[in-house]
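So the structure is just underneath, and the comments pick up after that.
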2 protein chains.
Amino acid sequence: MAKQTERIKHACSRCSLADLCLPYGLDLDEIAQLESNVSPSHDVAGDALLFDQGESFQALYAVSAGSFKTSVLDADGLEQIMGFYYAGDLLGLDGLADKTHQCTALAIEHSQVCRLPFDQIENLMTRLPALRNQLMRLMSRELTDDEQQLLTLGRKNSEGRMASLLIGLSRRRATRGLDASRVSLNMKRADLANYLGMRMETVSRVLNKLQSDGLLHGTRREVTIADSAALSARAGSAAWIADQ
Amino acid sequence: MAKQTERIKHACSRCSLADLCLPYGLDLDEIAQLESNVSPSHDVAGDALLFDQGESFQALYAVSAGSFKTSVLDADGLEQIMGFYYAGDLLGLDGLADKTHQCTALAIEHSQVCRLPFDQIENLMTRLPALRNQLMRLMSRELTDDEQQLLTLGRKNSEGRMASLLIGLSRRRATRGLDASRVSLNMKRADLANYLGMRMETVSRVLNKLQSDGLLHGTRREVTIADSAALSARAGSAAWIADQ
DNA sequence: CGATTGTTTGAGGAATATCAATATGTGTGG
DNA sequence: CCACACATATTGATATTCCTCAAACAATCG
C-alpha cells in the first residue's frame with residue numbers, strides 16, 4: 001500500500017493533479033488522503049469517450065498520456081469543440097457543480113488517465129478547504145481560458161486565431177517542462193477548424209502561409225515554431241480594433 | 001434590526017441572491033446569517049466602475065437596478081465585452097478563486113447593487129456547504145454561458161448572433177418574471193458589436209433587417225420581439241455546419 | 001494494394017469589414 | 001426652451017476576407 005502511494009505521488013508530480021494537491025497548504029497526511037483516492041493510470045482507446053455530455057458526473061480525470069478533445073452540442077444540434085487536452089491537464093471539472101457533465105470528452109489517440117472518483121471529492125472538499133479553493137481556482141482558470149478564446153474568435157482573423165492557438169499550446173508545453181518550440185497537432189483538421197471557428201480549407205491555407213513565411217515548419221501532425229516572436233506578433237495583431 | 005433583515009429578504013427574493021441563499025437546504029437561521037451580511041442597495045453612477053480587472057476581490061454584487069457590462073483587456077490591449085448584466089444578476093464571481101477580479105465591470109446607466117463582502121463569504125462557505133455548492137453552480141453557469149457564446153461566435157453569421165443575443169436576454173427577463181417580449185438594448189452599439197464580434201455598422205443593418213422582416217420592432221434603446229419563434233429559428237440556423 | 005478517410009489546392013462568390021457621408025440624439029449654456 | 005456642439009447611430013459604396021464547391025492528392029487501414 002505504501003508502495004502504491006509512493007508510485008502515485010511520483011506520477012502526479014508531473015501533472016496538474018500536483019498543482020491540485022500539493023501547493024496549497026495540505027500537510028503530508030492530507031496529501032496521502034487525497035492520493036489514496038486517486039486510481040492510477042488506466043487506458044482509454046483512441047476515439048473512445050471518456051465521458052459524454054449529459055452523463056452523470058463520476059470522477060475527475062487527469063490526462064497522464066495522449067490527448068483528448070472536448071465538445072458541446074447545443075439545442076440546435078451545432079457542435080463546438082471547446083478545447084484540447086494533453087498530458088498533465090485535468091478533465092471533468094465542468095461536471096462538478098451540477099453532478100452532470102456539460103461537455104463530451106473524447107480521446108484523440110490511445111491515451112491514459114488517472115481517476116479521482118466523485119464520492120471522495122465531496123467528502124474531501126468539506127474536510128480540506130485548501131482543496132476546495134484549488135478546485136475553484138481550476139474552474140476559474142477554465143473560465144479565463146474560455147474568455148481568452150472568446151476574444152480570439154471575436155476579434156482576430158484566421159491567421160491570428162491559428163497563431164494564438166499555437167502560442168497557447170506552446171505555452172502549456174513549456175509549463176510542463178516540454179520543448180515549447182514543438183507543438184502537436186494530432187487532431188483532425190476539421191476539429192481544429194471547428195475550434196477556431198473557420199473551415200478546414202482555411203486552416204490548411206493559413207498553416208501553409210505561416211510555413212512559407214518561415215514562422216513554422218513541420219509535418220501534418222506536429223509543427224515546430226521557428227520564430228515564436230513573429231508568431232506572437234501575428235497572434236496579437238487583431239483583425240480589427242474595437243470601436244471607441 | 002429585524003426590520004432590516006425583513007426588508008433585505010424581500011429585496012433578495014426577486015434577484016439571483018434568492019437563487020443563491022434560499023433553495024438549497026439552508027434553514028431559516030442560515031438564511032438570516034447570510035442576509036445579515038448583505039449590505040442593502042447602494043448607488044452606482046452611470047459609467048462608473050464597480051470593479052476593475054486586476055483589482056483585489058472585495059465583494060460579490062447583485063444588481064438590484066440598472067445594468068452593467070463586463071469586459072476583459074488582453075495582453076495585446078484588445079478589449080472584449082464579456083457580458084451584460086441586469087437586475088437580478090450576480091457580478092464578481094470571476095474574482096472568487098484568485099481573490100483578484102479577472103474582468104472590469106462598468107455601469108451602463110445609473111444603477112444599484114447589493115453587496116456581500118468577501119471576508120464573510122470564505123467564512124460562510126466553510127460553515128454552509130450548501131452555499132459553497134450554490135456558488136460553484138453559479139460559476140459553472142458562467143462557464144456554460146461562455147461556452148454558448150463561443151458556439152455563437154464560432155458558428156453563426158451576424159444575423160444568428162444578434163438573434164441569439166436577443167433570445168438570451170429575453171429568456172433572462174422571463175426567469176425574473178418580466179415581460180419577455182421586451183428587451184432593453186441600453187448599451188452603446190459599439191459595445192453590442194464588440195460583444196457579438198462584429199462591427200457596429202453590421203449591428204445596425206442586422207437590426208434593421210430583423211425589423212423590416214417583422215420579427216422585431218422598437219426604438220433604439222429597447223426592442224420588442226414580435227415573432228419569437230421566427231427569431232429563435234434564425235438564431236438556430238448556423239452560418240455553416242461543422243465538417244464531418 | 002485497393003478502399004476509405006483525411007488533407008490540400010484552385011476558382012468563384014457571399015458575407016461582412018472599411019471608409020465616407022449623413023442623420024439622429026443628448027447635453028449645455030444662453 | 002432653443003441652439004449649438006458633440007457624441008452616437010445609420011446609410012451607402014467599395015474592398016477584402018473567408019466560405020463554397022469541386023477536384024486532386026496523401027495517408028491509413030483492412
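Convention: sequence-line order gives letters A, B, ...; per-chain numbering from 1. All of these numbers come straight from a predicted model, not from anything done at the bench.
- Not one N or O on the side chain of A:Lys156 forms a donor-acceptor pair closer than 3.5 Å with the backbone of A:Leu151.
- At a cut-off of 3.5 angstrom, the base of D:dT16 holds no donor-acceptor pair with the side chain of B:Arg199.
- Comparing C:dT7, C:dC19, D:dA9 against the side chain of A:Arg189 picks out C:dT7 as the nearest.
- One finds a side-chain N or O of A:Ser158 lying less than 4.0 angstrom from the OP1 or OP2 phosphate oxygen of D:dC18.
- Contact annotation for A:Arg161: no contact, since no heavy-atom pair falls under 4.0 Å across all strands.
- Distance B:Met187 CE to D:dA9 P: 11 Å, rounded to the nearest Å.
- In this structure, the NZ atom of B:Lys156 is 14 Å from the P atom of C:dT16, given to the nearest Å.
- Protein atom CD of A:Glu159 is 14 Å distant from nucleotide atom P of D:dC19, rounded to whole Å.
- Note: NZ (A:Lys209) to P (C:dT8) measures 17 Å, nearest angstrom.
- Distances shorter than 4.0 Å separate some side-chain N or O of B:Thr202 from OP1 or OP2 on C:dA17.
- Between A:Tyr61 and A:Cys114 the shortest side-chain heavy-atom distance does not fall below 4.5 Å.
- A straight line from CG of A:Asp47 to C1' of C:dT5 spans 12 Å, rounded to a whole angstrom.
- Across all strands, A:Gly197 comes closer than 4.0 Å only to sugar-phosphate atoms, never to a base (heavy-atom distances).
- Note on B:Arg220: every side-chain N or O is 4.0 Å or more away from OP1 and OP2 of D:dT8.
- A:His110 and A:Asp43 are linked by a side-chain donor-acceptor pair at a separation below 3.5 angstrom, with hydrogens and angles left out of the test.
- Distance CE (A:Met198) to C1' (C:dT8): 14 Å, rounded to an integer number of Å.
- Under a 4.0 Å N-O distance rule, the pair A:Asp76/B:Arg155 does not qualify as a salt bridge.
- The side chain of B:Arg205 contributes no N or O atom lying less than 4.0 Å from OP1 or OP2 of D:dT10.
- For the pair B:Asn157 CG and D:dT17 P, the interatomic distance rounds to 20 Å; values are reported in whole Å.
- Mapping A:Glu201 and A:Arg221 onto DNA chain D by nearest heavy atom places A:Glu201 at the nucleotide closer to the 5' end.
- Counting to the nearest Å, the P atom of D:dT17 and the CZ atom of A:Arg155 are 17 Å from each other.
- Between B:Phe68 and B:Phe84, the distance from one ring center to the other does not fall under 6.0 angstrom.
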